[in-house]
**Q** 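Submitted below is the structure of interest, expressed as structure tokens.
Chain A is the first sequence line, chain B the second, and so forth, proteins listed ahead of strands; every chain is numbered from 1. Quick caveat, the model's predicted, so the values are computed rather than measured.
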Number of protein chains: 4
Amino acid sequence: MKKPSFKIIGITLKPNSTPEFYNLLPNLCAWLLRRKKQVVFREEDKERVHKFFKQKSTEGLEFWNSKNFHNKVDMMFSLGGDGTLIGACRRINTKIPVLGINLGRLGFITEFNKNEYFDLLANIMEGKYETTTKPLFHVSISKKGEEHFSDYFFNDAVLAKNDIARMIYLRAEMGHEHIYNLAGDGIIISSPMGSTAYSMAAGGPIVHPDVKGLVLTPICPHSLIHRPFVVPDTAPIQLKILPPHHSVTLTLDGQVAINVDDQDVVTINGSKVKKITLIKNPERLYFETIRDKFVFSKKD
Amino acid sequence: MKKPSFKIIGITLKPNSTPEFYNLLPNLCAWLLRRKKQVVFREEDKERVHKFFKQKSTEGLEFWNSKNFHNKVDMMFSLGGDGTLIGACRRINTKIPVLGINLGRLGFITEFNKNEYFDLLANIMEGKYETTTKPLFHVSISKKGEEHFSDYFFNDAVLAKNDIARMIYLRAEMGHEHIYNLAGDGIIISSPMGSTAYSMAAGGPIVHPDVKGLVLTPICPHSLIHRPFVVPDTAPIQLKILPPHHSVTLTLDGQVAINVDDQDVVTINGSKVKKITLIKNPERLYFETIRDKFVFSKKD
Amino acid sequence: MKKPSFKIIGITLKPNSTPEFYNLLPNLCAWLLRRKKQVVFREEDKERVHKFFKQKSTEGLEFWNSKNFHNKVDMMFSLGGDGTLIGACRRINTKIPVLGINLGRLGFITEFNKNEYFDLLANIMEGKYETTTKPLFHVSISKKGEEHFSDYFFNDAVLAKNDIARMIYLRAEMGHEHIYNLAGDGIIISSPMGSTAYSMAAGGPIVHPDVKGLVLTPICPHSLIHRPFVVPDTAPIQLKILPPHHSVTLTLDGQVAINVDDQDVVTINGSKVKKITLIKNPERLYFETIRDKFVFSKKD
Amino acid sequence: MKKPSFKIIGITLKPNSTPEFYNLLPNLCAWLLRRKKQVVFREEDKERVHKFFKQKSTEGLEFWNSKNFHNKVDMMFSLGGDGTLIGACRRINTKIPVLGINLGRLGFITEFNKNEYFDLLANIMEGKYETTTKPLFHVSISKKGEEHFSDYFFNDAVLAKNDIARMIYLRAEMGHEHIYNLAGDGIIISSPMGSTAYSMAAGGPIVHPDVKGLVLTPICPHSLIHRPFVVPDTAPIQLKILPPHHSVTLTLDGQVAINVDDQDVVTINGSKVKKITLIKNPERLYFETIRDKFVFSKKD
């Protein structure tokens, strides 16, 4: 089904500049401007964009503040790896579709690679594309019942020790049922999309994105009995720090980090989700991506 | 909510007799007969039942053929381990509720243990109980599109080599998408309930029974890249034997075994389920069972 | 250091013929005969060798019985995979050096691949080569103290169930100390060389060939607490079948299989070794082989 | 064989005070003083010792500086867990035998538990005991060939990321042979004694203390192909940080931590060992300890 075509195009750049930007960026912008699109960057990327364009004209490019940028464009390009895309999705209005072009090492969510996307671009600009929605899971921290932190994750929420030498002790619950206590480096609560990221490194299973579940993967548990656990994504999972208390950090998608105190309760609520919209690469199949990435360690 | 009370009570016995039967069985039957219940065994258990009763009177006990036994009782006791219960569930009319009393080693599905069930029995007989339904997943074998075998599993379908010395080669697909090829001892397709059985032994994750998924767990894969995979239980999974062909067996719940030829396609269809009805133990919590069984290796 | 040059050259062929033999075998024999070597095959390979030579002359080739073949040649080529080489090493006089040319899938012990060995052959024939010795570990089965089976393994001794549906129960001891009891599919006792074969598939660590140890790797243990165990190769390891007894098979290197009864004791004695002599490929490095085989799944 | 009896007895206390000290310490000291032993603590423990004695007399107790304490006693008690014992062993003259009394959670090296040691004490004081020596492995850091750090570890040397969000890249070599490159949280180089500590938590095998080897266990490797590796303890292992460089810390036995820069080379040299002397518990068997600790999670 044909969708309305896009007028205002936002472009998010990965934080670390790569040589690839010098070619790819002027070409992409020229292509879009020729088709009478409005091309918009974040204000904070203005200086870098001018650098990438060197002598080339940047006429027609616009630079907006973060609020407008994440709410008033018609679609957004994310140029970078999965991290860049996830970062953009955390801030963007969930109605705006995002197209990820992979410039990083492993592109799982970033479905287009930098060599193939141009062929598909004309169609996409004209509204011939499919989208998929992916959940951002809600996570909060509360102390004595008062919530004092609230955010979302796409891949994973990691509760882990800060201090190299010490292990931490956790109590995990689902609903009000006690799952287990855990002594070790920490625990990963991963979405299916995140199951091939840090959770897999810690020994977790691969979970297909259509499974409605979350994975609890212990990090270096000091016990032989702990196994990765797949639980429904509807009941809230609660994590509590047990004594003796050490410095513990909650990290969301490896991008947001916050200290957790000993009376804090971390709640992951799979039923409180925000759904972001991604433009699908019609040539990408899920299992093929898995095979490509892990068997041959292919880099796009 | 109160349900209609039971009149006709079937009793299935585990195939291997245990000393426990000599006490438990006469006591249970006497208790039921006093309450004017009709107590029914399978014809094939007649000789054993008499043996267990020794001098005690077996008056009032009935012995029915398998067809009547599995279709015309109001509820059924399964006395044995999870295997006995699963065996009964494969044959019973899915409307008839089953109550499992655990006499085996590890009771996961068999929710009542032999010391605690008596207290709950009076209530249950009067219709004060809760039930839960659990899926039996459909599995079939076809050759050149013709289905020539069809059955169900509760815990797992295992496709594995027969011959000690050789590994087998498999191709796994979901829908019509290629998942991976596998060289090794075989593969386990496990339900969430079966995830704590053979799949766990082969390195699979624990999957909560409320997750709508199936686990693909390779058995001794001759490759470092294979990981357990959790997939939705709605799309059919197809398994094909690749050359060089060796002797391969499909086993369902460790109870039904059938040879698989090189042109056979094994299809597990999570959307074709039969739902059996189990009487719940109100005092059993899922995670508590997991902890009891695996942390302390408690035997009921 | 230069060693005495070889006069009589034995050639062992892998049991399953491959197209590669049609080229490789006539070329190798011609090369050897031109250099006045005596070229010897096993009598049982006579028909196959003639087939591989097609119209070409087989004049000068000799066919000896197994006893002479494995004791009176000066060196031996093994043409095949690791299995072929191991099979030859089980029978050959341990003084005779063996050179493995890999025609199989994964060549770990078979150090030469079929494309590179010719360059090195002239030197080797003239005595310019290095050898390495590798242990064959002794394994025996005894009943009530009487040994009734005795053999050796290179890679691994596997004690495993025959019957798909049942698990077996084992007791493992080292010296007279109880290691653990195990319920599951079986156990692998692996040499360091074998650690990258079946033991690795079952989750075992990679052990460098210079480590004096044996790996005990459980196969699908029905318990969360079992881990692979590396023990010294000097103390005898004893394995006993525990009740309930099921059909159990001992397999050596996937080549020799024997049934084990319930009163049998299987003893692996790392201090009773036979040392075989292999000709080293000077261009092969251990870790490079590991990387090649497992990272890139390279096939020679 | 009877050994010379001890005159001067040192007592090392675990850094965190436990209630157990209030009973155990006055009793132990009184027992020793009655037998005319000289009882010595570290100067820094003076205040705590007086606290533990409450009203009881501390007459006869001596408090020495660290240098004298670790060199001039005849034997030493370590009261605490494995960490306390390892800390003492790092500083003590290797000739002085150490007896570990376990007050901690898991006592692997600390062979005596607080309930059983008193029975054995009379014999030990009279010289009737056996000792065992255990290696401390040498680890050094050098930059451009210049060594700028040097120390020992008993259990493990851990090279790991500091920063929660980032993975690090390492190159591991043995001798001058390249083992592999690793992307992940870090790597553990573990002694056999340490194989049941952090290495096991990260998925490493259990290695018997008589095996002459070191275990390389990757921590959450971002790749499916990495497996724990057991290598001989004679060749030096070298670890190098690869770009992009992140903050990396080397930790020895969880007690000593030092930052590692991007041009630093960390060398673990198994052939440069210091051997410490431990008093053995004649009633402790290795595999029994393993079973006790991991199967039943027994706490002494």
**Q** To the nearest 0.5 Å, what is the distance between CZ (B/Arg227) and OG1 (A/Thr196)?
**A**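 If we round to the nearest 0.5 Å, B/Arg227:CZ and A/Thr196:OG1 are 11.0 Å apart.
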
**Q** Determine the option with the most heavy-atom pairs under 4.5 angstrom with chain B, choosing from A/Met200, A/Glu177, A/His208, A/His178.
**A**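 Most heavy-atom pairs under 4.5 Å with chain B: A/Glu177.
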
**Q** Please identify, among B/Lys212, B/His226, B/Glu288, B/Met174, the residue contributing the most non-hydrogen atom pairs under 4.5 Å to chain A.
**A**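 Winner by heavy-atom pair count: B/Met174.
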
**Q** If I take atom CG from residue B/Asn181 and atom CZ from residue A/Arg291, how far apart are they, to the nearest 0.5 angstrom?
**A**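 One gets 8.0 Å once the value is rounded to the nearest 0.5 Å.
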
**Q** Closest heavy-atom contact between B/Pro232 and A/Asp210?
**A**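 Looking at all heavy atoms of both residues, the closest pair is CG-CB, 3.6 Å.
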
**Q** Restricting to non-hydrogen atoms, name the atom on A/Val211 and the atom on B/Val230 that form the minimum distance, rounded to 0.1 Å.
**A**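 Shortest heavy-atom contact: CG2-O, 3.8 Å.
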
**Q** More than 12 non-hydrogen atoms from neighbouring residues, nucleotides or ligands closer than 6.0 Å to NZ on B/Lys143, yes or no?
**A**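 Counting neighbours around NZ of B/Lys143, more than 12 heavy atoms of other residues, nucleotides or ligands fall under 6.0 Å, so yes.
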
**Q** B/Phe287 versus A/Val231: any side-chain heavy-atom pair under 4.5 Å?
**A**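 Yes, close enough: below the 4.5 Å cut-off.
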
